[in-house]
Amino acid sequence: MAGLSKEMEKALNDQINAELYSAYLYLSMATYCEDQRLKGFANWMVNQSMEEMIHAKKFFDYIIERGGRVKLAEVKAPPTEWSSAKEVFEQALKHEEYITSRINDLAALADRENDRATLNMLQWFIDEQVEEEASVQDVLDKFELLADHPGGMYILDNDLMGRSAPSQASPGE
Ligand code: OFO
């Protein structure tokens, strides 16, 4: 099989950077949550950050498997302050929608190049992005459900403490 086109190699390298930024962003969100004494929220974000590292490694491995060259670039600094835990999750959803659009752009490029192997690899990410958006939306829905409950934040924080670390084999879980 022919190697990756130069354009595809660059686009996949850029996606490694985007996934590493995601990891960095969620880690920063975790520190904000810690600062707010919301340990469950922080736990959710740390585990999300770890999942993003797995996503970055998947692109890393794929470029190498196709005989390409991984070139790591500077990861920009994430924001450090938000107005509330709810805003953190609103911003997380916006970010995931942005990542979904990037994955869709990559798939469109693979399609234009008739690079079926890359399209096939990206299918995993297309499915994963549905899950990524849904899991953030799920937390936002719980904010709404508990909005009028006096202990709402405490209940939600406890709930989010239940998220466990991702395993390499099944990053979506
Ligand atoms: Fe890698 O899915 Fe979130 O950003």
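Below, each value reflects all heavy atoms present in this structure, side chains not excepted, and no hydrogens, waters or symmetry copies. Note that ligands are numbered from 1 as they come in the structure, with each ligand's atoms numbered from 1 the same way.
- For Y32 (side chain) and S84 (main-chain N/O), a donor-acceptor pair under 3.5 Å exists by modelled atom type.
- Heavy-atom proximity to H55, at under 4.0 Å, picks out these atoms of ligand 1: 1 (Fe), 2 (O).
- Tested against Y98, the residues H95, E96, R102 include a single side chain to side chain donor-acceptor pair (under 3.5 Å) partner, R102.
- Between K94 and E133 there is no salt bridge, since no side-chain N of the basic residue sits under 4.0 Å from a carboxylate O of the acidic one.
- Within E132, the N, O or S atom lying nearest to atom 3 (Fe) of ligand 1 carries the name OE1.
- Taking 2.8 Å as the threshold, E52 counts as a candidate ligand of atom 1 (Fe) of ligand 1, since one of its N, O or S atoms lies below it.
- A distance-only check finds a donor-acceptor pair linking the side chain of S28 to the backbone of P79 [under 3.5 Å].
- Close approach to E19 involves these atoms of ligand 1, each under 4.0 Å from a residue heavy atom: 1 (Fe), 2 (O).
- Heavy atoms of Q129 approach ligand 1 to within less than 4.0 angstrom.
- The minimum distance between atom 3 (Fe) of ligand 1 and any N, O or S atom of E96 involves atom OE2.
- One N or O on the side chain of N43 and one on the backbone of M161 form a donor-acceptor pair closer than 3.5 Å.
- Near S22, the atoms of ligand 1 lying under 4.0 angstrom from a non-hydrogen atom of the residue are 4 (O).
- Ligand 1 has no nitrogen or oxygen under 3.5 angstrom from a nitrogen or oxygen of Q48.
- Short contacts between ligand 1 and I99, defined as distances under 4.0 Å to a heavy atom of the residue, involve ligand atoms 4 (O).
- Under a 4.0 Å N-O distance rule, the pair E7/K10 does not qualify as a salt bridge.
- Side-chain atoms of N17 never come within 3.5 Å of backbone atoms of L72 as a donor-acceptor pair (strictly under, hydrogens ignored).
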